[in-house]
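What you see is a predicted model, and the numbers here were worked out from it, not measured in a lab. When a residue number appears, it is its place in the shown sequence, counting from 1.
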Amino acid sequence: MRTMKGADRPTSVGGSSWSERFLFGGRLKYDLGFNRHEEAVLDLSLWEIARRFPALVGTALSLAYQADRRSFRRLLTAELLQGIAAAVLLISAENLIQILLASGMDPSVMRPAIPYLAVVAAATAVRSLMSAVSLTQLGKLEPRIERVATEQYLERVVKVELAAIEDPEFHRLLDSAQHGSTGARQMLSACGALLNTVTTFLATASVLTVLHPILLPLLFLVTLPRSWGALKNARARHRSIHAWIDHERAAKLISGLLIERHSAPEIRVHGAGRFLLDRFRDLAQESEREQERLARSAARVQFAAACLTGVAMVLAYGVLAGLLMAGVVGLAIVGTTIISMRMGVANLSALMTQVNSLCEEALFVGDLQRLYAEAERRAVPPGGRQLSPDIERIIFENVSFSYPGSCQPALRDLSVTIPKGSVTAFVGGNGSGKTTLLKLLAGLYTADHGRITWDGNDTRELDRDALQSHIAMVAQDFKRWPFTVRANVAISRPDVQMDEERMRESVAYAGADAVVADLPSGWDTLLARGYRGGCGISGGQWQRLGIARAHYRQAPLLIVDEPTSALDARAEAEIFEKILKQKDPEQTVVLVTHRMASVRAADFVYVLENGAIVESGTPDQLVHEGGIYSELFELQAKAYVVEDAVES
């Protein structure tokens, strides 16, 4: 029988250790959008990288042009001038060497070399200046590209239909595309280095070609082995990082479990801490072995590349010596060629590394561009009819709705009327369709069949923003914003100037004024535990703030979905008293709850089951009819009687 002791050494099977297989069933990989690319770039051949190179550069330059045209032009000019300066530098160096050799190093006859020395100095200065300009423009362009890409991403995301956000495939694309803005920035950085490398290399190659055509093949002969080694090591390092990510992810999960509050009791009572520490050690040792393997592999590749480069240098120098002895080239050209070879080796090695980086980042930028297109396709249709400020009646006419991929409809042939100023309640068990109905009412979903009308206007034809400006909602899973109390309330009216008096009224209405008064910084208390100055509050206190937020919005239609699930019976009764009996006479309230006693003050009640209306009427009518509502009401009443007896 296997025991859970640290003596169990992890054995890798398919790249995963025993600890990973036991704890997670294998490698711990996120089921998110970005991880589809973890191996993609590593599977590209050198030919495939070369084929993609022009398109990758074009994408990066296009993004830079959109972000800041002036800085983009300055960057290109600076890179071009660096290449020209490199060519001038090599040509001047070749002429300078010729003069020095012809003079026999006699200072009295070296005056003709002075202009070339001046040109070399000027070319060097221009290269340095243009390098500084290039760095400055990259510093301006990189954050702007990231901002523009992120803004375009967020602008499109907030406009898509709720159904798109809830679609797993679209959400995976969202996850992957959010890395595209950083990828675009890194692509530009890599592209800037590429431009510098390419222009310098092309200038070097052009000069050698002018000096003698045979010198260009010699340049490639010397530079390719080192470039091959650089690319191979970069890709091996990258592959190792991706392999190590899974171990690191698992190790972080285990270390988090060791220190989190919820797992602390069981870690101590069951002694699980030692077991988790042993598993953490296994994963860490596995990662150490991977790093050792990578170092050995890199050393072998570097040694092989150095040997090949040495052989290539011997061949190149042999050819140069032969050409020199045959009188084909002069000693000055040989010296210039040697300088060019040294420049070429460094430039082409850097080129291979940057192209590899470009290929990876381009995958995420491609996802960002696909997200743009998909978000446009799934966006809320703009425009439409406007609504009058006064809505007399909302009607559901034979409405049916199914979630994508679902075998059963969430709502079926449902007809409902909601008059102005009324309190209409929807009750039923879990999965009966109550929350789905509210989302259709709020314009978050569109009916598959039938129609929903506001004073006779089909919601499909209405301006969605205008429709939702009429609505305030308190959802069961309302957002607990990690902001101050003030921001948590005011966020429901972002389009108007903040009204302090109205805010205090809303907090008092929800019974949250005592909550605010007890907080360390009052209205300015940050409701986000884990941040300096942050404070945590209970679920019931959050629900009161959620109700205050909806009240502050002052909308003619208030949608309330299980607003008091975290409150005790006394607090629940108080909240419903205010929502149902102290509301504005003109305000319409639509209420969803599991608690039958909470809807006794409703004007009309609909009972849902399996997405259909099975009972409807006033609360008193439904109690006397003896149906589902009556049965649920009696069951809950008995539970409250038992609860009161226990408390007394």
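Counting non-hydrogen atoms of neighbouring residues, nucleotides and ligands closer than 6.0 angstrom, the NZ atom of K159 reaches no more than 12 such neighbours. A 6.0 Å sphere centred on CD of Q554 holds more than 12 heavy atoms belonging to other residues, nucleotides or ligands.
To the nearest 0.5 Å, atoms CG (L258) and CD1 (I254) are separated by 8.0 Å. Expressed to the nearest 0.5 Å, how far CH2 of W454 lies from CZ of R385 amounts to 15.0 Å. Atom-to-atom distance recorded for L440:CG and T446:OG1 is 8.0 Å, nearest 0.5 angstrom. Interatomic distance, D561 CG to T435 OG1, rounded to the nearest 0.5 Å: 4.0 Å. A distance of 10.5 Å separates CG of N488 from CH2 of W523, quoted to the nearest 0.5 Å. Interatomic distance, CG of L527 versus SG of C535, reported as 7.0 Å (0.5 Å rounding).
Y552 places no side-chain N or O within donor-acceptor distance of the main-chain N or O of I491, the cut-off being under 3.5 Å. A donor-acceptor contact shorter than 3.5 Å links the side chain of Q468 to the backbone of A442. For the pair R460 (side chain) and A447 (backbone), a donor-acceptor distance under 3.5 Å is present. The backbone N or O of R553 sits less than 3.5 Å from a side-chain atom of R493, completing a donor-acceptor pair. No donor-acceptor distance shorter than 3.5 angstrom exists from the side chain of S131 to the backbone of S128, with no hydrogens or angles considered. Remark: side-chain polar atoms of R464 are paired, donor with acceptor, to backbone N or O of G443 under 3.5 angstrom. At distances below 3.5 Å, not a single donor-acceptor pair connects side-chain atoms of S134 with backbone N or O atoms of M130. Side-chain atoms of S181 never come within 3.5 Å of backbone atoms of T150 as a donor-acceptor pair (strictly under, hydrogens ignored). At distances below 3.5 Å, not a single donor-acceptor pair connects side-chain atoms of S521 with backbone N or O atoms of D524. S71 contributes no side-chain N or O that, together with a main-chain N or O of L141, makes up a donor-acceptor pair within less than 3.5 Å.
Counting only heavy atoms from C-beta outward, the side chains of I165 and L174 approach each other to under 4.5 Å. Taking the side chain as every heavy atom from C-beta outward, P381 and E461 never approach each other to under 4.5 Å. Looking at heavy atoms from C-beta onward, M473 lies out of side-chain contact with F478 at the 4.5 angstrom threshold. Residues V126 and I84 fail the side-chain proximity criterion, which asks for heavy atoms closer than 4.5 Å. Side chains of Q137 and F72 form no contact here, defined as non-hydrogen atoms less than 4.5 Å apart. Here the side chains of D167 and R378 are in contact, with some heavy-atom distance below 4.5 Å. Using a 4.5 Å heavy-atom threshold, the side chains of P143 and R185 count as touching. At least one side-chain heavy atom of L557 sits under 4.5 Å from a side-chain heavy atom of L441.
Judged by the 6.0 Å distance and 45° axis criteria, R156 is positioned over the aromatic ring of Y372.
Listed here is the closest heavy atom pair of L371 and L173: CA-CD2, 3.8 Å. The minimum heavy-atom distance between G539 and R480, with the atom names listed, is CA-NH2, 3.8 Å. Nearest approach of E374 to R377, heavy atoms of both residues: OE2-NH2, 2.6 Å. The shortest non-hydrogen separation linking L462 to Q386 is CD2-O, 4.5 Å. A466 approaches H470 most closely through the heavy-atom pair O-ND1, 2.9 Å. In this structure, V485 and G522 approach most closely via the heavy-atom pair CG2-O, 3.8 Å.
Below 30°, between 30° and 60°, or above 60°: for F401 and Y403 the angle between ring planes is above 60°, a perpendicular geometry.
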Discussion item. R73 vs Y65, test: side chain to side chain contact (heavy atoms under 4.5 Å, CB included). Steps then yes/no.
Written reply: CA-CA 8 Å; R73 294 191 186 102; Y65 185 74; 3.9 Å; yes
**Prompt:** Would L545 and I537 satisfy side chain to side chain contact (heavy atoms under 4.5 Å, CB included), going step by step from the backbone distance to the final call?
**Reply:** CA-CA 10 Å; L545 281 184; I537 59 176; 3.9 Å; yes
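In this view, T525 satisfies the side chain to side chain donor-acceptor pair (under 3.5 Å) rule with no residue, not counting sequence neighbours. Checked against ring-ring contact (aromatic ring centres under 6.0 Å, His included), Y153 has no partners two or more places apart in sequence or in another chain. For D463, there are no salt bridge (Lys or Arg N to Asp or Glu O under 4.0 Å) partners at least two apart in sequence or on another chain.
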